[in-house]
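Read the structure below first, then the notes.
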Amino acid sequence: MNLNNGVSLKTNSSHLSYVILLSFIILIVLAGLGWFGLSHIEKEIQSNVLSQLTDRLPHSIKMIKIWKRGVKMDVSTIASDKNLQSKIHALIKHAQEVQGDASGIVRSEELKAIRQYLEPIQTNNSFTGFSILNEEGFEIGSLGDEGIGAQRLVNAPEGERLLKFASLGNTFITLPFKSEFSRPGKKGALMLVGSPIYQSTGKFVAVLIFYLQPEAVFTEIFGISRSGKSGETYAFDYKGRLLTKSRFEADLRQVGNLEPSASSILNITIKDPGGNLLEGHQPLLAPDEQPFTRMAQSALKKESGFDIEGYRDYRGVRVVGVWSWLSEFRFGVASEIEYEEAYSLLYEIKKSFYGVFGFLVLAACGVIGLAWRQGQINLALVETTEMARKANLAKSEFLSRMSHELRTPLNAILGFSQLLQMGSEYKQSSDVQSKVDPILKAGNHLLELVDEVLELSKIEEGKLKVSIEPVETFEIKNEVLDLVKPMAEQESVVLIDQCPIENSLFVMADRLRLKQILVNLITNAIKYNKAGGSVTLTQKIENQNLIFRVEDNGPGIKEEDKTLIFKPFERLGAEGSGVEGTGIGLSIAKNLIELMNGSIGFTSEVGKGSCFYFALPLTDKPSNFEEKTDQKPGNFDTSKNIKTVLYIEDNPINLELVEQVLGGEEHIRLIAASNGGLGIQAAREQSPNLILLDINLPDTDGISVFKKLKSFDNTSHIPVIALSADAMESDKKLAMDLGFYSYIAKPIDISNFRRSIDDALSKTS
Ligand code: ADP
């Protein structure tokens, strides 16, 4: 199992976290930029709206002034006409003669002459009527007969003022006011324009008055300043009543704020109904109790101002506007436009922004969702990978324990088989021989399998440690060739050594492991070969690496098998060929090489042979390097004293095996202890010449026993040979570092075992 998958999945999931984070950051930055941009645009649009509105108002005021001056001039021109004046003088005289009697005036030729004279003038100037008042304010002439002889105009809201101004010599225009006689026989709003009439002596004798409909020119002048679909510029009096015709009369009638036949002039007061009437709002307050609109409240205080944030107008619709109170005219003017229309561009921009932003949010949500989902999948994969890793570890641990447990009985099987093989019965009886040989062969194969499984398990558990140091390769190569030579001879395969004959190439490696790898590759090249075949060993330097090459001219490896070759337990069909093996060797070799920071590869062609190579980093010769000298084992002199060997071992079968192994040696006295405590006691009491110590004891571990032995004066000098089923190199190294004389792995190789004992005893006195 490739544990890197877990790592890469975790890396992927952390990449996905970055994607999510990045999406959030981009969104936040976009939102920030958008907000900043929008508020900037909003301010621009607001100031644009304000400047449009403020431009409009002075324009309307100017127009009104021009119109007013024009009307006054027209009327004073008419009034100063000598012909008309003499007719009015005649009428005044006649009225005096009939003592103001209305019917006498109505029937008079003087009035008839004035009517004939003024009618076309009135029509030409868009007046809807005229009246002539004498200096007391009595009506002595008019277009219709109704008011003749009465003071109706003086009693009208603006009439008295008009008479007063005229008597002072001014031509005067009234504000619109409600009248019963706006046109002959008609109610409505009316404006009057009056100019004084003098006698030839210069004495004020009458006022010539023309009637004006405020719906006409007055309203139209303000109408010119309207903008868009909802812009309105209007005038209002000190009571807050409209003086110009509302643009929205139809709406006002529809919501019941205006009688069907009535004009909005003077009938609509600029009050805030509290909600949009056009959207069906029903005012909670009676019209009298409603407050003035934001604009009217300010203007009626004779203030000028503006509001671009929005307020409700007399329809309850949100508008923005500017206003001003014109004291000179005695009315206020306002220019307003519906908020929605004024800011329609802003609406559009906001809509587009929110649309784009919404899309981005959705897209980001999509990305985040996908990333989240991917993350979940990855998490599941990580969990699955982790589970698989744990399962793999559990498997490795199981195999490791199993292998360990198998070594103990194997020790007995192989040990006794070896004894049988060495015994005299063995040599005599071919029957025994034929039975013992397969046991030994199968036992050795089983041992090899157990060892390799154990090693692979350790690698997979991550427990296998390599001690990397500068290793001289010439010596290693020679040792390996010595080891494999017998096998090559047996298989009739020629070993060719083409490595440079020099002693100065060092690689960074674990000495024993390097040897193990070379042995594995060379034995493979011998095993998977043919009689008469050859195996060539070469070395070459490439990119600061030393490359070892093991080349054979065996059968080669099929294309389809090439990807499987480093997988554990893959024998690629060799299992049926009679060649012994486990299918684990190359897998271990690859793992070991990688642990030593190297790499392995191969080339192979069916029918031509294979070449396995591996590279390890080159290094300089270490300064403290010493050439090794062979240590010849000392020969034990049998004539010397009998030596005592203490064997501390709990397993009776192993004890019996060692008893039998040493049984023929008359110079050796074997004593035994079945646990650590008894062993230490025996050692202290009997002072043996050599101690054989099982490392896996029931009461305490062999290492602790060893340390105790070293701590007592009378036992510290005794050589101790470790016997252990833990066949790992690291265990061996640990023991040797502690000071054990030697370390023998179970199952014991009897010849080696005897040699070790002889060697140790030869050094004791
Ligand atoms: P084994 O114990 O089977 O030799 P290895 O892991 O060393 O296990 O090798 C795996 C398989 O690769 C072998 O079983 C064999 O089929 C094939 N193999 C290894 N080395 C060679 C070689 N030099 N030539 C041909 N086949 C080889």
Side-chain angles (χ1 to χ4, degrees), residues 1 396 399 403 406 441-460 464 477 480-481 483-488 490-498 512-539 547-596 598-614 727:
M1 162 144 322
S396 302
L399 286 177
S403 310
L406 282 172
K441 206 173 164 213
N444 277 323
H445 179 58
L446 189 56
L447 180 62
E448 189 189 343
L449 185 64
V450 164
D451 281 347
E452 290 196 339
V453 167
L454 183 63
E455 188 138 278
L456 189 67
S457 310
K458 296 268 178 197
I459 290 174
E460 288 192 344
L464 191 122
K477 181 253 318 174
V480 170
L481 286 178
L483 269 172
V484 297
K485 208 177 278 167
M487 183 184 186
Q490 198 182 331
E491 300 291 329
S492 308
V493 170
V494 185
L495 278 178
I496 306 164
D497 176 10
Q498 284 187 351
L512 285 169
R513 295 303 180 183
L514 174 57
K515 225 167 128 179
Q516 179 183 348
I517 294 159
L518 277 169
V519 168
N520 185 270
L521 295 185
I522 299 172
T523 50
N524 274 356
I526 297 169
K527 281 197 297 186
Y528 305 107
N529 211 318
K530 55 190 180 241
S534 67
V535 174
T536 312
L537 183 64
T538 52
Q539 278 175 353
I547 300 175
F548 295 83
R549 291 158 56 93
V550 180
E551 203 166 352
D552 66 61
N553 54 3
I557 297 153
K558 286 189 228 146
E559 273 313 307
E560 64 265 30
D561 288 342
K562 283 184 176 171
T563 51
L564 304 171
I565 201 147
F566 292 113
K567 291 218 162 104
F569 306 105
E570 288 289 353
R571 295 212 63 210
L572 316 177
E575 52 273 40
S577 67
V579 179
E580 260 182 21
T582 58
I584 310 176
L586 280 179
S587 166
I588 292 176
K590 184 173 188 297
N591 277 295
L592 288 175
I593 289 169
E594 283 167 4
L595 275 174
M596 295 189 288
S599 57
I600 185 170
F602 70 98
T603 55
S604 185
E605 207 176 317
V606 175
K608 288 198 170 164
S610 313
C611 174
F612 282 80
Y613 52 85
F614 63 95

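Atoms within each ligand, like the ligands themselves, are counted from 1 in listed order.
Enumerated by chain and number, the residues approaching ligand 1 to less than 4.0 Å through a heavy atom are Asn520, Asn524, Ala525, Lys527, Tyr528, Asp552, Ile557, Ile565, Glu570, Arg571, Leu572, Ala574, Gly581, Thr582, Gly583, Ile584, Gly585, Leu586, Ser610, Phe612.
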Taking only distance into account, with no hydrogens and no angle test, what donor-acceptor pairs under 3.5 Å do side-chain atoms of residues 572-587 form with protein atoms, sequence neighbours excluded?
residue	atom	partner	partner atom	Å
Glu575	OE1	Gly573	N	3.2
Ser577	OG	Ala574	O	2.5
Ser577	OG	Val579	N	3.2
Thr582	OG1	Glu452	OE1	2.3
Thr582	OG1	Ile584	N	3.3

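Annotation: side-chain hydrogen bond (donor to acceptor under 3.5 Å, both in side chains) contacts involving residues 563-573, sequence neighbours excluded, comprise Tyr528-Arg571.
Aromatic ring pairs are classed by plane angle as parallel below 30°, tilted from 30° to 60° and perpendicular above 60°; the pair Phe602 and Phe612 is parallel.
Of the possible donor and acceptor atoms, none in the side chain of Asp552 sits under 3.5 Å from a partner among the backbone N and O of Gly609.
For Lys477, the NZ atom counts as densely surrounded, since its 6.0 Å shell holds more than 12 non-hydrogen atoms of other residues, nucleotides or ligands.
Remark: Thr523 engages Val484, Met487, Val519 in a side-chain contact (heavy atoms from CB on, under 4.5 Å) (not counting sequence neighbours).
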